[in-house]
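Working notes, beginning with the structure itself.
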Amino acid sequence: MTGPLRRVLSAFGLLGLIAVALPAWAHSGPKHLSPEAYARKLAPTPPMGWNSWNHFAHRINARIVREEADAMVASGMKAAGYEYINIDDTWEGPRKPDGEITSNAKFPNMKALADYVHSEGLKLGIYSSPGPKTCAGYTGSYGHVRQDAETYAKWGIDYLKYDWCSAGEKYKPQQLQWVYTQMAKALRATGRPIVFSLCEYGWQDPWKWAPAIGGNLWRTTGDINDSWARMSAIGFHQSHLARYAGPGHWNDPDMLEVGNGGMTNTEYRTHFSLWAMLAAPLIAGNDLRHMSAATREILTNREVIAVDQDPAGHQGYRVARYGHTEVWAKPLSHRQWAMALFNRGGKPTRVTATWGEIGQQGPLHVRDLWAHADRGLHQHQYSAVVPSHGVVMIRVWK
Ligand code: GLA
């Protein structure tokens with residue numbers, strides 16, 4: 001063989017090797033990642049989307065899900081960052097003789113529904129339980145974990161909320177982590193990226209172990225409802241969990257109630273601000289097809305969403321409490337901070353955030369994220385009169 005020919009052949013051999021090895025490497029790529037690193041790829045910032053439960057509960061069906069996806073686009077929510085359309089409980093049908101889960105008559109064709117949602121540039125989520133039955137009494141994944149994960153992947157599902165419920169009939173409490181690990185592994189084994197949302201109501205401190213098994217988010221509490229009392233009881237009691245959240249793995253104080261009618265717009269602004277300060281998943285729970293202008297304005301406030309979605313992924317925490325007022329702070333990237341001045345009391349009250357509370361020295365620039373207005377430079381502090389059950393939320397920087 002001549003020298004040049006040998007060089008051509010050996011170059012081709014190298015290229016051939018790369019051509020064969022590269023796709024194999026790319027395919028097996030995620031396998032080399034730890035569960036936590038894989039989770040970080042799936043949810044680098046808190047997931048944003050919509051879920052059927054809070055507004056529709058069992059009255060959800062495929063037609064409404066399509067319309068909600070349409071509305072997510074038309075309302076500007078998709079453009080503001082919302083991505084997941086999540087079907088909660090009550091979609092499940094019986095199993096086929098070979099064990100494969102089916103969807104019930106309300107969801108005639110899950111694959112077609114996923115295709116539709118994907119065609120709008122959105123992603124589809126689904127719900128199950130590790131027990132024999134879901135919370136609403138539908139078919140759970142017990143005995144079919146691998147098979148169900150494969151079915152979800154086949155349908156084109158992108159997100160799973162996995163709700164403990166009847167699993168206690170089959171498993172001991174000390175098996176709970178193992179049970180969630182099995183589904184995490186099964187989802188990953190499908191090769192399809194599927195966000196994993198754990199729902200065991202904060203019972204076994206999931207913030208301590210869910211990141212290591214590849215959990216992307218975990219409920220920290222029992223269910224929210226559309227009331228000031230319940231929303232604030234949950235939201236203002238999350239400060240101690242701040243250190244457990246970070247890119248890929250998030251504390252989930254439950255889905256949003258904004259726009260469902262049980263709170264005032266002032267209270268919904270507080271709800272949304274608090275969830276953003278908590279770096280919580282922003283999963284709208286209202287009917288996107290029929291939103292008031294005020295509801296849409298709250299859910300698409302990009303300055304508040306940017307606080308939630310800040311890439312540094314720090315969760316905020318309470319820095320001060322005086323009477324019925326609280327000041328919370330969230331470190332942002334580029335050495336900026338978000339601060340929220342909350343008034344949980346019954347009458348308008350002046351609330352003051354001081355730079356010492358975030359270890360900073362003034363003067364600092366202040367921008368009001370609900371008024372969308374710069375408030376100038378402030379030497380030591382910023383104060384505002386906050387309405388009853390209201391909030392003033394600011395971004396501050398040097
Ligand atoms: C539990 C969950 C809720 C919802 C219902 C559905 O209560 O916490 O978020 O998913 O089940 O049955």
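Computed over heavy atoms, backbone and side chain alike; hydrogens, waters and symmetry mates excluded. Note that ligands are numbered from 1 as they come in the structure, with each ligand's atoms numbered from 1 the same way. What you see is a predicted model; the values in this text were computed from it and never measured.
Note on ligand 1: Thr134 sits outside its first shell, no heavy atom being nearer than 4.0 Å.
Only side-chain heavy atoms of Asp163 come within less than 4.0 Å of ligand 1; its backbone N, CA, C and O stay farther off.
Of all protein heavy atoms, the one closest to atom 10 (O) of ligand 1 is Asp88 OD1, 2.6 Å. With respect to atom 8 (O) of ligand 1, the closest heavy atom belonging to the protein is Asp223 OD1, 2.5 Å.
For ligand 1, the atoms lying closer than 4.0 Å to a non-hydrogen atom of Cys199 are 8 (O). Every atom of ligand 1 is numbered from 1 in the order shown, and the set under 4.0 Å from a heavy atom of Lys161 is 3 (C), 4 (C), 9 (O), 10 (O). The atoms of ligand 1 that sit less than 4.0 Å from any heavy atom of Ala136 are 12 (O). The Tyr201 neighbourhood of ligand 1 comprises atoms 8 (O), with distances under 4.0 Å to a heavy atom of that residue. Listed by number with element, the atoms of ligand 1 under 4.0 Å from a non-hydrogen atom of Asp89 are 6 (C), 12 (O).
Glu68 and Arg289 are joined by a salt bridge, as a carboxylate oxygen and a charged side-chain nitrogen come within less than 4.0 angstrom of each other.
The side chain to side chain contact (heavy atoms under 4.5 Å, CB included) test with Asp252 singles out one residue from Leu278, Ile283, Leu217, Thr220, and that residue is Leu217.
With sequence neighbours left out, the side chain to side chain contact (heavy atoms under 4.5 Å, CB included) criterion links Arg40 to Pro247. Contacts of Cys135 classified as disulfide bond (SG atoms under 2.5 Å apart), with partners at least two apart in sequence or in another chain: Cys165.
The shortest N or O to N or O distance between Trp53 and ligand 1 is not under 3.5 Å.
In this structure a side-chain-to-backbone donor-acceptor pair under 3.5 Å is missing from Asn251 to Trp207.
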Assess whether ring-ring contact (aromatic ring centres under 6.0 Å, His included) is satisfied between Tyr142 and Tyr171, documenting all intermediate values. CA-CA 10 Å; Tyr142 184 74; Tyr171 300 110; 5.7 Å; yes
Using the side-chain contact (heavy atoms from CB on, under 4.5 Å) rule, take Tyr116 and Asp70 through it: C-alpha gap first, then chi angles, then the decisive distance, then the call. CA-CA 10 Å; Tyr116 183 83; Asp70 296 346; 2.6 Å; yes
